[in-house]
Every structure is written in C-alpha cells, then in structure tokens.
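Below is one structure, written out as structure tokens, with a few remarks after it.
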2 protein chains.
Amino acid sequence: MSDLKNDIQRLEASTMTDMVESRLREYLKRKSFVPGDALPKEQELADALGVSRNVVREALSRLRMLGMIESRKKRGMVLTQPDILGSLERVLDPLILGKNTLRDIFELRLVLEMGLADLIYLRKTSEDIAALESIVAQEVNKQQKPFRVEHEIAFHGKLYQMTGNDTYMRFQKMLLPVFEYVLDYEIQVNGQAEVGKVTHHDLVEILRTGDAEDFRRGMKAHLKPHFDRLKA
Amino acid sequence: MSDLKNDIQRLEASTMTDMVESRLREYLKRKSFVPGDALPKEQELADALGVSRNVVREALSRLRMLGMIESRKKRGMVLTQPDILGSLERVLDPLILGKNTLRDIFELRLVLEMGLADLIYLRKTSEDIAALESIVAQEVNKQQKPFRVEHEIAFHGKLYQMTGNDTYMRFQKMLLPVFEYVLDYEIQVNGQAEVGKVTHHDLVEILRTGDAEDFRRGMKAHLKPHFDRLKA
DNA sequence: TTAGTACTTATGTACTACATAATAACAAAT
DNA sequence: ATTTGTTATTATGTAGTACATAAGTACTAA
C-alpha cells in the first residue's frame, strides 16, 4: 500500500482560463473598480493578456455567474454588486458534499439558530409576535411527517425574518435542506431522538415576557436533541 | 422623475450559456451523478444540447470554478466535491458589496461569535486552553493599532479551531475582513466605542471554570460594543 | 515484469465569421 | 421642438474549424 499520494502533492497544471480569471480579479481590485464602472472590451482584454478571446470569455463567464459583472451587446461590460449567496446556493447539494462538510453544515445551522436571540431582541415588534402565534396555532394540525418540516420552515423562517437581516435569512434557508438531509440520515442510523423540552409555543411565550438570554436558553433547550447528537 | 423602472421589471435575455449551465446542473441531479462519476464529452454535450462546444465550455468553466467538476486532457471530466466556501471567498470584497449586505455580514459575524460557546464546550481540551493562554499572554505587548487586529485574529481564530468545524472556521475567517472594514467605517463616523467589559483573559478563565452558558454571557459582554452599534 | 514506442483521443487554446442587440447620429413628421 | 423613424456602427453572443498537448491504450522489446 503506497501512501505516496499523501506525502507528495499532485501538481495541477492550471489552465489559461484560471490564470486569466485571477488576473482579471486582481486587475479590478488594483484599479479600484466599483459597481457601475465599465470594463474594457473582451478583445482588448484578450490582446492585453496575450490570449484568445475565447479564454477571456470563459473567465468572464465565471465572474458573470458570480454576479460580479453584467454585459450586454454593444454596451460592453459593467461591474455589478455580486449576490454573495448565489454561488453558495449552486453548491449546497447534500448529495455531492462530503461527510465532513455535511456535519459542518449541520452544526453551522445550529450556530445560526442560537444566534437568533441577540438579533431578534434588537428589532422584534408586536406584529411579529402575533404572526408567530398564528403560525404556532396551526401547529396542532401538522404533527404528521410531511407537514412537520413545512411547519418548521414557517416558524423558524419567521424568526429569521424578524432579525431584518436578509443575508442571514437566505443563508439559513439554504442550509436547511442540508440540515434536514443529515437529520434524516442520523435518524435512520441512530433512531428517532426525543423532542426538545421547549416547544415553539414556549419560545413565543419567552419572546413576549423574557429577555434575550432567556430566549437563548430556550432555544438551546429546543435544540437539545440536535446538540445531543453531536456528542456521540 | 420617472419611477417606471420600479414599476416594471427589466427583462434579461438569458444567454445560451446560462441555459446550458442550468441544464447541465439539472442533468447531473436527475441522473444522480455523484463525485467520481465521469461526464460525457464536451462535443457530445454540445450535440445533445444543440449548441456549439464554445457555449458548453463557458458553462463548464463555471462548474469548474465551483469545484464541481475537474477535467484533464483525454481523460474527460469527472464530478468532484465542490468547495462550498471557495466561491464565497471570491465575492466577499467589501469594496464591491452594498451597504445592506455589509451590515448583514457584520451581524452575521456576531452570530458566529455567539455560537462558539455551544460547540467549544463539546470539544475543548486542556491543550486548547493552554494555547489560548499563551496567546493572551502576548496581548499586553500588542495594544497598538497594527497589532491589535492581528491579535484578535489569533485569539478568535483559535476559538474557532477548537470547535473542530473547518467550514465554520473558514467561514468566519472570510467574514472577518468585511467585519473589520465595517468597523473601521463605523468608528470614523460614530467615533471610537468603549471596550467590552469582558477581556480575552476573562474568556479563557470562563473556559476553564465555567459552563457553556457562562461563556455565552461572557462573549456577549465582550462583544457588547458591537451589539450597541446595531441599536443606533 | 518492466521499459519503450506508436497510436489515439478529449481537452485546451486560437482564430475566423457572423447574427444580434444596443447605441449614436441623423432625417422626417407631427 | 419634441417625437418618431432610419441608418450605421459596434461589442457581445454563438458557431465552426484547426491544432497542440496531455493522457490513455496497445503493442513491442529487453
């Protein structure tokens, strides 16, 4: 058994496209380009870099996917504000991620949940609480499997929305499917876990009468089954 | 002043490359491709999709950047496990992000900090504590501006490392520059804030003698100046 | 079994060509 | 004079051809 592969790192012949991509990125930074600025023409970039327009376009295609540039015919290309989570979304597929990454994401979701307390107490309104109560009111009807997840999404989704942090909310929404995937897998292997002592209803009650620290404690208790899984 | 732009949404003629990218992604999902599987040849894909190899390559270039595929001459292309944070890293540049996103990221970093407690207490070792102490011991020499940030990175970086969650650690490492950027800006506008009542030294002390909840409270106090900024 | 050689092939890169959309400049019309 | 229509221009989007190169395969020789 040769462990040579571990001792010596395989060298990847990076392609022109890779180099052009990083050169372009470095160029934009060095020249302090900001959203709205126009980029040179493709052919000019190709000439300047000494490569074919083809390679330049493959590199630009990547930046375009990231939302860093937009380009229209004749008008040319302009820098844009990228959607920081868009690229993440493309890649968060539980079926193609490794076990370690899946576990990392599972934990990361728990971190996000525990962080809700501090932000929610900065901005919660009485309308928010009312909305939460109406969600919880429908909970009794939805204990069965297909509806449970749907209800989880509604309740926790509302909590994230209350933080007023759009990135935070979208981020959790993207992690959730991976979280549920890991959970399903865990349940298959280690069996169904008990339910947290603190229910959604309890959490809403805390939001009305308690402070941020109470809510954090409540959330921790609510998530206890999940944290217990991590100990194993 | 015409607000027509707000009333009617501009329609984007999506390019062939965009469509091919999503078709490919959908194809990989539908066929349940997993890392290691070989993809059809570029020309075959082009023929099947009825587009030029050029367009296919621009789409593949994107997947290649995301780390979803690798390709070598003659061997063809294989699906790989993507690096979920690699794409995020390319885009997290404070200079090209909008104000809202910057604020969101600032808050998100605080959420990550507050989440440290729960994971650290699952896995901390006495060696970790010792390492932290040695970092804190050097703190007294590094109160000046260029060194303060460096020290912050060392201390908090170690905390993340103690969670054993690589994604978590890398994620925070990527958010940190944006966080510092927002902080610098905030300080210029609203003036220097007071320092948190709980120091790094105190946090280490809590790690030795307290529980997760103590640590969370300590961290909240440590970060209090930052949370206070959010209230304004 | 190893090493060397020739052959094959899919990707990487370059180049040409042209359709198309968007812009600009100008002319016509109300 | 502002609007509408026409024409010319041009940068991007797409197609297609060609070829170098790396990597795999098969075969041969030592």
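Just so we're clear, the structure is a prediction, and the values are computed from it rather than from any experiment. Throughout, a chain's letter reflects where its sequence line sits, starting with A, and its residues are numbered from 1.
The phosphate of dG13(D) (OP1 or OP2) has a side-chain N or O of R57(A) nearer than 4.0 angstrom. Residue S71(B) has a polar side-chain atom (N or O) positioned under 4.0 Å from OP1 or OP2 of dG12(C). Taking only side-chain nitrogens and oxygens, K73(B) never comes nearer than 4.0 Å to OP1 or OP2 of dG12(C). Between T15(A) and dT11(C) there is no side-chain polar atom (N or O) within less than 4.0 angstrom of OP1 or OP2.
Between L60(A) atom CG and dA11(D) atom P the separation is 15 Å, expressed in whole Å. The CG atom of L63(A) sits 14 Å away from the P atom of dT12(D) (whole-angstrom rounding). To the nearest angstrom, C1' of dA23(D) lies 14 Å from NZ of K41(B). One interatomic measurement links the two molecules: CG of D18(A) to C1' of dT11(C), which rounds to 13 Å at whole-angstrom precision. Atom CD1 of I69(B) is separated from atom C1' of dT11(C) by 11 Å (rounded to the nearest Å). Separating the CZ atom of R72(A) from the C1' atom of dT14(D) is a distance of 19 Å, rounded to the nearest angstrom. Distance CD (E42(A)) to P (dA11(D)): 11 Å, rounded to an integer number of Å. Going from atom CE of M77(B) over to atom C1' of dT9(C) covers 14 Å, rounded to whole Å.
Checked against the 6.0 Å centroid threshold, H222(B) and H156(B) count as a close aromatic pair.
Put simply, the side chain of R53(B) and the base of dG12(C) share a donor and an acceptor less than 3.5 Å apart. With hydrogens and angles left out, the side chain of R75(B) and the base of dT21(D) share no donor-acceptor pair within 3.5 Å.
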Derivation of the side chain to side chain contact (heavy atoms under 4.5 Å, CB included) call for Y160(A) and K173(A): CA-CA 9 Å; Y160(A) 284 92; K173(A) 212 172 256 175; over 6 Å; no
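Side chain of Y181(A) to main chain of L102(A): no donor-acceptor pair is present (N/O by atom type, distance under 3.5 Å, no hydrogens or angles).
Candidate nucleotides dA22(C), dG13(D), dA15(D) were compared by shortest atom distance to the side chain of S52(B), and dA15(D) ranks first. Candidate nucleotides dT14(D), dT12(D), dT11(C) were compared by shortest atom distance to the side chain of T17(B), and dT14(D) ranks first. Distances from the side chain of M16(B) to the nucleotides dT14(D), dT12(D), dA14(C) place dT14(D) closest. Here dA14(C) is the nucleotide among dG13(D), dA14(C), dA18(D) with the atom lying nearest to any side-chain atom of N54(A).
Enclosure of atom CD in E26(A) by more than 12 non-hydrogen atoms of other residues, nucleotides or ligands within 6.0 angstrom is indicated.
Side-chain contact check for S71(B) and R64(B): at least one donor-acceptor pair (N or O, by modelled atom type) lies under 3.5 Å.
Nearer to the 5' terminus of DNA chain C, by closest-nucleotide assignment, is the contact made by V55(A) (compared with the other of V55(A) and K74(A)).
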